[in-house]
Amino acid sequence: MFHYAIFSDNVLAASVVVRSAVANSLDPSKHVFHVVTDRMNLGAMQVIIRLMDLKGAHYEVKAFEDYKFLNSSYVPVLRQLESANLQKFYFENKLENATKDASNMKFRNPKYLSMLNHLRFYLPEMYPKLHRILFLDDDVVVQRDLTGLWKIDMDGKVNGAVETCFGSFHRYWQYMNFSHPLIKEKFNPNACGWAYGMNFFDLDSWRREKSTEQYHYWQNQNENRTLWKLGTLPPGLITFYSTTKPLEKSWHVLGLGYNPSISMEEIRNAAVVHFNGNMKPWLDIGMNQFRHLWTKYVDYDDSFIRQCNFAPP
């Protein structure tokens with residue numbers, strides 16, 4: 001069986017990920033979708049996926065609150081989210097309460113407060129019987145059968161990901177504070193960054209490398225936000241620093257939510273396209289030249305979908 005993890009509170013977006021993966025799989029009956037949302041959206045997520053024609057594919061929908069090990073005594077992020085300092089950073093809009101990034105609203109995005117955003121670091125514990133799993137963000141569209149990923153020799157690495165660096169762009173120095181001695185000592189500032197959004201995880205290697213423990217160590221070190229900016233990519237780059245295997249770029253093409261100059265040929269050849277950026281295809285500001293790639297997997301005949309605040313293309 002081929003297992004997928006999708007963590008989202010966006011019911012419509014998550015349904016497109018599942019629908020596109022099923023539509024482009026050679027044998028849907030061998031695919032299992034593990035969808036995790038929050039308690040508030042659980043009922044809606046269960047309904048929209050249950051009503052889909054999954055062509056024999058399997059699924060489970062759970063709320064992250066059902067995973068009892070995810071509590072503040074074990075998860076550093078949950079403990080930090082309860083701290084007065086972090087509450088102040090997010091909810092008091094005063095420059096002196098924040099870091100130098102306070103003027104950049106990107107780093108005050110409430111998604112950074114969501115446990116759904118940090119679940120990706122707990123995959124081996126959430127799925128203790130699985131050996132490998134494919135993690136998909138909720139703003140991707142699957143365009144071809146992905147089972148070839150399970151045939152890749154991971155060379156003992158934990159994380160299979162597409163690298164994003166070219167020239168001086170997306171190097172480690174852009175994500176971390178290399179004036180901090182801990183960062184300077186452990187990491188190469190010119191190491192190549194990679195993308196979250198479509199990540200193939202070898203969970204056996206993860207357990208062997210104790211990657212979650214690594215993540216906890218670094219997250220605790222960064223309690224005062226002195227090692228990296230907020231988000232999940234910097235701790236991911238740190239956690240999987242020496243255990244990431246680069247994947248061929250056509251597996252995962254990024255930028256459809258901010259870069260209008262991506263070539264249609266590159267998009268056509270992509271296994272997964274990623275609407276990362278602010279211009280999501282379900283928003284009015286989504287880029288028209290890419291929107292159809294997403295809307296083709298929206299079921300506009302569904303009575304619930306018709307109540308959503310956007311019109312069919």
Side-chain angles (χ1 to χ4, degrees), residues 4-24 33 35-38 40-45 47-49 51-52 61 90 93 101 103-120 135-143 162 164 195-199 229-233 252-264 266-268 270-313:
Y4 301 78
I6 303 161
F7 304 149
S8 175
D9 59 1
N10 186 324
V11 176
L12 182 59
S15 75
V16 166
V17 179
V18 174
R19 189 184 297 277
S20 64
V22 168
N24 291 291
F33 297 92
V35 181
V36 180
T37 187
D38 53 25
M40 186 174 72
N41 290 287
L42 180 62
M45 193 75 82
V47 167
I48 200 167
I49 293 181
L51 293 178
M52 272 185 216
V61 181
Y90 276 103
N93 191 22
D101 297 307
S103 58
N104 187 340
M105 292 304 291
K106 173 182 176 182
F107 298 110
R108 300 179 71 115
N109 190 322
K111 76 177 184 179
Y112 296 135
L113 290 174
S114 170
M115 189 58 209
L116 284 169
N117 213 34
H118 298 272
L119 283 182
R120 63 194 72 190
F135 170 80
L136 295 173
D137 267 344
D138 64 3
D139 53 354
V140 307
V141 170
V142 178
Q143 299 193 130
V162 167
T164 53
Y196 267 133
M198 192 217 73
N199 302 80
K229 299 169 182 176
L230 291 164
T232 50
L233 181 55
H252 183 193
V253 169
L254 296 110
L256 279 71
Y258 70 90
N259 182 4
S261 62
I262 306 169
S263 76
M264 287 311 295
E266 189 179 1
I267 287 172
R268 276 192 298 272
V272 170
V273 291
H274 194 171
F275 289 85
N276 57 312
N278 293 325
M279 293 185 240
K280 303 298 186 191
W282 54 84
L283 300 177
D284 290 341
I285 59 172
M287 287 187 272
N288 287 330
Q289 70 265 44
F290 302 141
R291 195 192 301 264
H292 69 280
L293 300 167
W294 185 84
T295 56
K296 71 190 282 191
Y297 295 107
V298 176
D299 181 9
Y300 288 102
D301 293 328
D302 186 291
S303 60
F304 295 106
I305 299 295
R306 287 202 299 272
Q307 294 175 47
C308 293
N309 188 27
F310 64 88

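Just so you know, residue 1 is the first one in the sequence shown, and it goes up from there. Please read these numbers as outputs of a predicted model, since none were measured by experiment.
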Enquirer: Measuring from atom CG of Leu136 to atom NE2 of His252, what distance do you get when rounded to the nearest 0.5 angstrom?
Expert: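 One finds 8.5 Å between CG of Leu136 and NE2 of His252.
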Enquirer: Determine the minimum heavy-atom distance between Leu116 and Ser8, stating which atoms define it.
Expert: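 In this case the closest contact between Leu116 and Ser8 is CD1-C, 3.8 Å.
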Enquirer: Can you tell me how far the CE atom of Met198 sits from the CG atom of Leu254, to the nearest 0.5 Å?
Expert: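 Going from CE on Met198 over to CG on Leu254, the span is 9.5 Å.
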Enquirer: Would you confirm whether Gln143, through its side chain, and Ile267, through its main-chain N or O, come within 3.5 Å as a donor-acceptor pair?
Expert: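 Answer holds: yes.
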Enquirer: Ser263: what forms a side chain to side chain contact (heavy atoms under 4.5 Å, CB included) with it, not counting sequence neighbours?
Expert: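 With neighbours one apart ignored, the set is Glu265, Glu266.
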Enquirer: Under the side-chain hydrogen bond (donor to acceptor under 3.5 Å, both in side chains) rule, collect the residues that match up with Asn276, sequence neighbours excluded.
Expert: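 Expected list: none.
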Enquirer: Within a strict 4.5 Å, meaning less than it, do heavy atoms of the Val142 and Val22 side chains meet?
Expert: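 No, side chains not in contact.
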Enquirer: With sequence neighbours excluded, what pairs up with Arg120 under the salt bridge (charged side-chain N to carboxylate O under 4.0 Å, His left out) test?
Expert: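 Here the qualifying residues are Asp137.
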Enquirer: Supply the atom-to-atom distance Ile285 CD1 to Asn278 CG, rounded to the nearest 0.5 angstrom.
Expert: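 One finds 6.0 Å between CD1 of Ile285 and CG of Asn278.
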Enquirer: Which label fits Tyr196 and Phe135: parallel for a plane angle under 30°, tilted from 30 to 60°, or perpendicular past 60°?
Expert: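 It falls in the perpendicular class, over 60°.
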Enquirer: Does Leu283 offer a backbone N or O that forms a donor-acceptor pair with the side chain of Arg291 under 3.5 Å?
Expert: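 Yes, because the side chain of Arg291 sits within donor-acceptor range (under 3.5 Å) of the backbone of Leu283.
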Enquirer: Please enumerate all residues that pass ring pair (Phe, Tyr, Trp, His ring centres under 6.0 Å) together with Tyr297, with sequence neighbours excluded.
Expert: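 By the ring pair (Phe, Tyr, Trp, His ring centres under 6.0 Å) rule, Tyr297 matches no residue at all.
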Enquirer: If you take all heavy atoms of Tyr258 and Gly277, which pair is closest and at what distance?
Expert: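 Closest heavy-atom pair between Tyr258 and Gly277: CD2-CA, 4.1 Å.
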Enquirer: Taking the side chain as everything from C-beta on, heavy atoms only, tell me whether Tyr4 gets closer than 4.5 Å to Val18.
Expert: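 In short, these two side chains do not touch, never coming nearer than 4.5 Å.
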Enquirer: Who pairs with Asp138 by salt bridge (charged side-chain N to carboxylate O under 4.0 Å, His left out), at least two apart in sequence or on another chain?
Expert: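 Once residues adjacent in sequence are excluded, Asp138 has no partner under the salt bridge (charged side-chain N to carboxylate O under 4.0 Å, His left out) criterion.
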Enquirer: Mind listing the closest non-hydrogen atom pair of Met45 and Val35 along with its distance?
Expert: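 Residues Met45 and Val35, closest heavy atoms: CG-CG1, 3.8 Å.
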Enquirer: Kindly indicate, with the supporting measurements, whether the criterion side chain to side chain contact (heavy atoms under 4.5 Å, CB included) is fulfilled by Thr232 and His118.
Expert: CA-CA 7 Å; Thr232 50; His118 298 272; 3.7 Å; yes
Enquirer: Looking at side-chain heavy atoms only, is the closest gap between Leu256 and His274 below 4.5 Å?
Expert: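 Side chain of Leu256 against side chain of His274, heavy atoms only: no contact under 4.5 Å found.
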Enquirer: Output the distance between atom CE (Met264) and atom CZ (Phe290), rounded to the nearest 0.5 Å.
Expert: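 So the gap between those two atoms works out to 6.5 Å.
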Enquirer: Please walk me through it: do Phe275 and Leu293 pass side chain to side chain contact (heavy atoms under 4.5 Å, CB included)?
Expert: CA-CA 10 Å; Phe275 289 85; Leu293 300 167; 4.3 Å; yes
Enquirer: Pair Ile49, Phe33 - check side chain to side chain contact (heavy atoms under 4.5 Å, CB included), show working.
Expert: CA-CA 10 Å; Ile49 293 181; Phe33 297 92; over 6 Å; no
Enquirer: Hey, are the side chains of Asp139 and Trp294 touching, using non-hydrogen atoms and a 4.5 Å cut-off?
Expert: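 The answer is no; the side chains never approach within 4.5 Å.
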Enquirer: Between CG of Leu51 and CG of Asp301, what distance do you get to the nearest 0.5 Å?
Expert: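 Result: 12.5 Å between the selected atoms.
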Enquirer: Can you name the side-chain hydrogen bond (donor to acceptor under 3.5 Å, both in side chains) partners of Ser20, sequence neighbours left out?
Expert: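 Ser20 satisfies side-chain hydrogen bond (donor to acceptor under 3.5 Å, both in side chains) with no residue once adjacent residues are dropped.
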Enquirer: Starting at CG of Asn41, measure out to CD1 of Ile48 and round the result to the nearest 0.5 Å.
Expert: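 The CG atom of Asn41 sits 11.0 Å away from the CD1 atom of Ile48.
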